[in-house]
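The basis for the numbers below is simple: all heavy atoms, side chains too, and nothing from hydrogens, waters or symmetry mates.
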Amino acid sequence: MRCPDGGGLTAEQRRRREEVRMRAVDLFEEDGKVPCIARELRVSEKSVHQWRRSWRTGGREALRSKGPSGYDCRLGPHLQAKLATWLEEGPAAHGWTDDQVWTAARVRALIGRKFHLSCSVSGVTRLLHRMGYSVQVPDGPAAERDEEAVATWREVTWQEIKPLRAATGAFICSEDEAGMTGRPPKGRTWGRRGITPRIKVPGRGRGRLSVAGLLCYRPGLPARLCYRLRRHTGRKGERRSLSETDYIRLLDGAHQLLKAPLIVVWDRLSTHTSKAMQVLVAARGWLTVVLLPGYAPELNPVEGLWAHIKRSPANLAARALSELETLLRRRLKALQYRHRILGGFLAGTGLALERPN
């Protein structure tokens, strides 16, 4: 059996097309000239000639819409629902274990295998569009990610943090760190078609920057951003990342600025969970630490901050590390005054500060 491509115009498009044709018939009856009719209706003269021949042969009825062209798709709504369920299972569940990509050819083979229908690749593409599918770059969560633990953290741990914050008047703070080198991320730019733009960047390492960001939230107050930046020049014996002392100084500075207790939410980085860090946290009665579940960056609003920051130095020309540091500090300083953007990073995680009514 053949599964036709279907498609064509929608009902609304067919209605508009019929209105144009009926207007053309009115102009034919008034003995209008073909070029004038084409200009008025904004169609080609070839179309007007075809419509006039059909009108002379069959009258006004010859130009009325006869419904959608082509064949009706044999996959009804209930069969499309079954197909959608199989697509959600992934290619591996249906024998394609080399990769995890659905292609139109594979969907065509799946339709033939399950429904015993033969259809073209282009027909499958149109069918998928009608079902609400599009070609996308998939998200790649880590294989070690525990979805149940992530859901439990959202539904239980986060809900326990909010009454603790309300009772102590604390700020809920999210922390994360990022690195930046002299080789900037690539960004889109205008260039002559067929000629790839070339941008000169450093060919060898000139050190790197490590920066820890702290976003602080409390209902009724604007969001605040604190950060600590450290330069690594690559000298022998120099630490290549932020230490426990760097993190605790960042928290101490935020505490002095906000003059309130802090509930810090951060990931399970070894520096965050080390014995030295545990001793430093225990010595500060105003500090409470909550760990995020593993491999769940979408729960940390600072991830959105870094994504926002790293777009600005795209295609950055080769510069010294000190100039890169100045640029980064300028970007962070500007964001400290844009409280609505800082609040949007928390909204992007889907976490709310207030309890739902």
Nearest 0.5 Å please: distance from the CG atom of Leu342 over to the SG atom of Cys216.
10.0 Å
Report the distance from atom CG of Leu305 to atom CD of Glu303, rounding to the nearest 0.5 Å.
9.5 Å
Between Arg218 (side chain) and Gly169 (backbone), is there a donor-acceptor pair under 3.5 Å?
yes
Taking atom types as modelled and ignoring hydrogens, do the side chains of His272 and Glu244 form a donor-acceptor contact shorter than 3.5 angstrom?
no
Could you check whether Glu19 pairs with Arg15 (Lys NZ or Arg NE/NH1/NH2 to Asp/Glu carboxylate O, under 4.0 Å)?
yes
Rounded to the nearest 0.5 Å, what's the gap from CG on Leu164 to CD1 on Ile263? Could you check?
4.0 Å
Which pairs count as side-chain hydrogen bond (donor to acceptor under 3.5 Å, both in side chains) when at least one residue sits in residues 146-157, sequence neighbours excluded?
Arg145-Glu147
Who pairs with Glu325 by side chain to side chain contact (heavy atoms under 4.5 Å, CB included), at least two apart in sequence or on another chain?
Leu209, Leu229, Arg231, Arg329
Same cluster or not: are Leu353 and Leu214 linked, directly or through other Ile, Leu, Val, Met, Phe, Trp or Tyr residues, by side-chain heavy atoms under 4.5 angstrom apart?
no
What I want to check is whether the side chains of Glu177 and Tyr247 have a donor and an acceptor closer together than 3.5 Å.
yes
With Asp98 via side chain to side chain contact (heavy atoms under 4.5 Å, CB included) - residues at least two apart:
none
How would you list, by chain and number, every residue that makes a side-chain hydrogen bond (donor to acceptor under 3.5 Å, both in side chains) with Thr57, sequence neighbours excluded?
none
Min side-chain heavy-atom separation Tyr133-Leu87 under 4.5 Å
yes
For residues 248-258, which side-chain N or O atoms pair as donor and acceptor with protein atoms under 3.5 Å away, sequence neighbours left out?
from	atom 1	to	atom 2	distance (Å)
Asp252	OD1	Arg284	NE	2.8
Asp252	OD2	Arg284	NH2	3.1
His255	ND1	Ala260	O	2.9

How far does CZ of Arg208 sit from OG of Ser241, to the nearest 0.5 angstrom?
7.5 Å
Quick check for you: to the nearest 0.5 Å, what is the distance between Leu262 atom CG and Thr288 atom OG1?
9.0 Å
Any side-chain donor-acceptor pair under 3.5 Å between His94 and Glu89?
yes
Salt bridge present between Asp246 and Arg239 (N-O < 4.0 angstrom):
no
Grouping ILVMFWY residues whenever side-chain heavy atoms fall under 4.5 Å, the cluster of Leu63 otherwise contains Val20, Met22, Val25, Leu27, Phe28, Val34, Ile37, Leu41, Val43, Val48, Trp51, Trp55
